[in-house]
Undergrad: 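Dropping the structure in here first, questions after.
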Amino acid sequence: MKWVYVEDIAAYKDKDVEVRGWVYNKRSSGKVRFILVRDGTGILQTTIFSADESHPLFGKFDELTQESSLVVRGRVREDKRAPGGFELTVQDIDILQIARDYPITPKEHTTPFLMEHRHLWLRSRKQHAVLQVRAEVIKAIRDFFDGRGFRLMDTPILTPSACEGTTTLFETKYFDQMAYLSQSGQLYNEATAAAFGKVYCFGPTFRAEKSKTRRHLIEFWMVEPEVAFATLDDAIDLGTDLILFIIERVLTDCRADLEELERDPKLLERITKPFPRMTYDEAVPQLQAKGSLMKYGDDLGAPEETLISELSPNPVCITHFPAKIKAFYMQPDATRPDLALGVDFMAPESYGEIIGGGQRIHDLELLEQRIREYNLPREAYEWYLDLRKYGSCPHAGFGMGVERTVSWMCGIKHIRETIPFPRLLYKIYP
Ligand code: 4AD
């Protein structure tokens, strides 16, 4: 008998097939026994019908518990009453393993309990839906850049130097040298952009963030495009189109997942370009008027990110930050050199910053000066300085955090559910 996946079941109407999966739930009603079987691609109602109470399949039904693994064979029938419109009339069941006392039952559990059981929690419907959206968002990102002729460049995870400040670096030994887990592939991307014109890297990044918030992970995935000869405005246009592309894909291909998550698609459907733009100088008084305690010159914290994201149903782009609060590589504004040509995209509905980027310094002397001012070890950046010696040009790019984007798409409160195994402050189990 042919092994088929639940997601393909409609193509096997009135055929005999085999489904391999786990018991999601079971119930009985008179002469009928129902086993809901999940196989990772969907949940199928399978039915055993008999007037004989001692039917051997009823015995198997009685033995089965939640999450027991099994192989079910039977005939696919169309039935409007069944979830998904199809069910399987069972002819035969092989029990592979009986799961005893599965810890996650249909009752409510606390988040710490679920996080301890993350390896099992992944099987729950809501978690499954979020990770389906995550996979689709990643696919959309790849399709977007590949479709625009960007070259995928894998940047290293073990690095000798910092990209985003030294306070959040993860140190590790690299034989007899110190190394750091990558905070961002950007600096290497600047090198590959000079070789390929437009590139992107996509991988895990690491930040020893001491902040325990619903927006921070210690290990998160970031996509980072970098474009030679591009400016801040080009980076904003690219980020805008990327976000709209992802939204469209999620709305088209993840409808059922959004429904499972009770996500109102209208909140995504209404996103249109252009996104409102605001300079840091314009934003600060508005934020203060709305109750923020920040002073001019402070970085935008979580409360400010929330306030900004309440300003518009669209993401809001904040630009021209004080150079002092931004990374060493940011290009200063030509008329206001105290301001950096950076941009943060703040997602609506309080999801906060999902994209950070901007234009990079292309002048050798200025970059050397910044490396000194930021007390960075020049030896580690010699190769990076080379990029300003040999064919330097304006260039720009950004990083988009996958998990923050997925949180927003799914409308979920905490980022920890957007990655199969979140690394959180002091938490590395399972
Ligand atoms: O603004 P960030 O720090 O920018 C960079 O790393 C640049 N080097 C990127 C570039 O220009 N190529 O981070 C970019 C994005 C943020 O907007 C956010 O979405 C995500 O990365 N991010 C995090 N996501 C989850 N947990 C964290 N701790 C994050 N830190 C940043």
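Every number for a ligand or one of its atoms is a count from 1 in the order of the listing. Computed from a prediction, not measured in an experiment: that's the story for all the values here.
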Undergrad: Which atoms of ligand 1 sit under 4.0 Å from any heavy atom of Glu224?
TA: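 In order of number, 8 (N), 9 (C), 10 (C), 12 (N).
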
Undergrad: Numbering the atoms of ligand 1 from 1, which are under 4.0 Å from a heavy atom of Met222?
TA: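 In order of number, 6 (O), 13 (O), 14 (C), 15 (C), 21 (O).
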
Undergrad: Looking at Tyr5 versus Tyr12, is the centre-to-centre ring distance below 6.0 Å?
TA: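 No; Tyr12 has its ring centre 6.0 Å or more from that of Tyr5.
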
Undergrad: Could you tell me the residue and atom name of the protein heavy atom closest to atom 15 (C) of ligand 1, and the distance to it rounded to 0.1 Å?
TA: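 Going by distance alone, atom 15 (C) of ligand 1 is nearest to Gly399 O, 3.6 Å.
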
Undergrad: Please check if the side chain of Asp234 supplies one atom and the backbone of Thr231 the other of a donor-acceptor pair under 3.5 Å.
TA: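 Answer holds: yes.
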
Undergrad: Among Glu365, Glu368, Glu190, find the residue that satisfies the salt bridge (charged side-chain N to carboxylate O under 4.0 Å, His left out) test when tested with Arg388.
TA: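 For Arg388, the salt bridge (charged side-chain N to carboxylate O under 4.0 Å, His left out) check succeeds only for Glu190.
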
Undergrad: What residue and atom, counting heavy atoms only, is the protein's closest point to atom 4 (O) of ligand 1, and at what distance?
TA: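 Closest protein heavy atom to atom 4 (O) of ligand 1: Gly356 O, 4.0 Å.
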
Undergrad: Are any of the N/O atoms in Leu217 less than 3.5 Å from those in ligand 1?
TA: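 Between Leu217 and ligand 1, an N or O pair is found under 3.5 Å apart.
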
Undergrad: Is the NZ or CZ atom of Lys13 positioned over Phe86's six-membered ring, under 6.0 angstrom from the centre and within 45° of the axis?
TA: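 Relative to the ring axis of Phe86, which defines the angle, Lys13 lies outside at least one limit.
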
Undergrad: Under 3.5 Å between some N or O of ligand 1 and some N or O of Glu209?
TA: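 Looking only at distances, the answer is yes, because the N/O contact criterion of under 3.5 Å is met.
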
Undergrad: Looking only at protein heavy atoms, which one is nearest to atom 17 (O) of ligand 1, and how far off is it?
TA: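 The answer is Glu353 OE2, 2.5 Å.
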
Undergrad: What closest approach, in Å, do Arg263 and Gly411 show between heavy atoms, and which atom pair accounts for it?
TA: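 Between these two residues, the closest heavy atoms are NE-N, 3.5 Å.
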
Undergrad: So which protein heavy atom does atom 18 (C) of ligand 1 come closest to, and at what separation?
TA: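 Checking every protein heavy atom, the shortest distance to atom 18 (C) of ligand 1 gives Arg404 NH1, 3.6 Å.
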
Undergrad: Suppose I only count heavy atoms of Gly357 and a 4.0 Å limit; which atoms of ligand 1 are within that range?
TA: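 Within the 4.0 Å cut-off of Gly357, ligand 1 contributes 11 (O).
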
Undergrad: Test your reading of the structure: does Gln186 have an N or O sitting under 3.5 Å from an N or O of ligand 1?
TA: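 N/O-N/O distance below 3.5 Å exists for this pair.
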
Undergrad: Measuring from the heavy atoms of Arg215, does anything fall under 4.0 Å of ligand 1?
TA: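 Yes, Arg215 has heavy atoms under 4.0 Å from ligand 1.
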
Undergrad: Arg360: heavy atom below 4.0 Å from ligand 1, yes or no?
TA: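 Per 4.0 Å heavy-atom rule, Arg360 contacts ligand 1.
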
Undergrad: Keeping to residues at least two apart or across chains, list the ring-ring contact (aromatic ring centres under 6.0 Å, His included) pairs with something in residues 166-195.
TA: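 Applying ring-ring contact (aromatic ring centres under 6.0 Å, His included) to every pair that reaches into residues 166-195, excluding sequence neighbours, yields Tyr188-Trp383.
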
Undergrad: Starting from atom 19 (O) of ligand 1, locate the nearest protein heavy atom and write down its residue, its atom name and how far away it is, to 0.1 Å.
TA: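 I find the closest protein heavy atom is Ile354 O, 2.8 Å.
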
Undergrad: Numbering the atoms of ligand 1 from 1, which are under 4.0 Å from a heavy atom of Ile355?
TA: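 Within the 4.0 Å cut-off of Ile355, ligand 1 contributes 17 (O).
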
Undergrad: Classify the contact between Phe220 and ligand 1 as side chain, backbone, both or neither, using a heavy-atom distance cut-off of under 4.0 Å.
TA: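 Side chain only.
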
Undergrad: Report yes if Tyr329 has an N/O atom closer than 3.5 Å to an N/O atom of ligand 1; otherwise report no.
TA: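 Checking ligand 1 against Tyr329, an N or O pair does fall under 3.5 Å apart.
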
Undergrad: Say whether, by atom type as modelled, one donor and one acceptor occur between the side chain of Ser309 and the main chain of Ser350 under 3.5 angstrom.
TA: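 Checked: pair present.
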
Undergrad: Between Arg423 and Tyr426, is NZ or CZ placed under 6.0 angstrom from the six-membered ring centre and within 45° of the ring axis?
TA: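 The answer is no; the distance or angle limit is not met.
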
Undergrad: If you measure from each heavy atom of Arg207 to ligand 1, is any distance below 4.0 Å?
TA: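 True for this residue.
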
Undergrad: Quick one: which residue pairs count as a ring-ring contact (aromatic ring centres under 6.0 Å, His included) with a foot in residues 96-135, not counting sequence neighbours?
TA: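 Found His109-Phe113, Phe113-His117.
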
Undergrad: Considering only non-hydrogen protein atoms, determine which one is nearest to atom 7 (C) of ligand 1 and report residue, atom name and distance to 0.1 Å.
TA: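 Of the protein heavy atoms, Glu164 OE2, 3.3 Å lies nearest.
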
Undergrad: Taking Gln359 for its side chain and Leu232 for its backbone only, find out whether a donor-acceptor pair lies under 3.5 Å.
TA: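 Here the side-chain-to-backbone pair exists.
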
Undergrad: If every non-hydrogen atom of Asn189 is compared with every non-hydrogen atom of Met153, which pair is closest and at what distance?
TA: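 Heavy atoms of Asn189 and Met153 come nearest at OD1-CB, 4.4 Å.
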
Undergrad: Taking distance alone, with N or O pairs closer than 3.5 Å, would you say Glu226 contacts ligand 1?
TA: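 Not met; the criterion fails.
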
Undergrad: If we ignore hydrogens and angles and just use 3.5 Å, is the side chain of Thr319 paired with the main-chain N or O of Val343 as donor and acceptor?
TA: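 Flag not set: sc Thr319 to bb Val343 has no pair under 3.5 Å.
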
Undergrad: What part of Tyr351 sits under 4.0 Å from ligand 1 if we count only heavy atoms: the side chain, the backbone, both or neither?
TA: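 No part of Tyr351 is near ligand 1 at this cut-off.
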
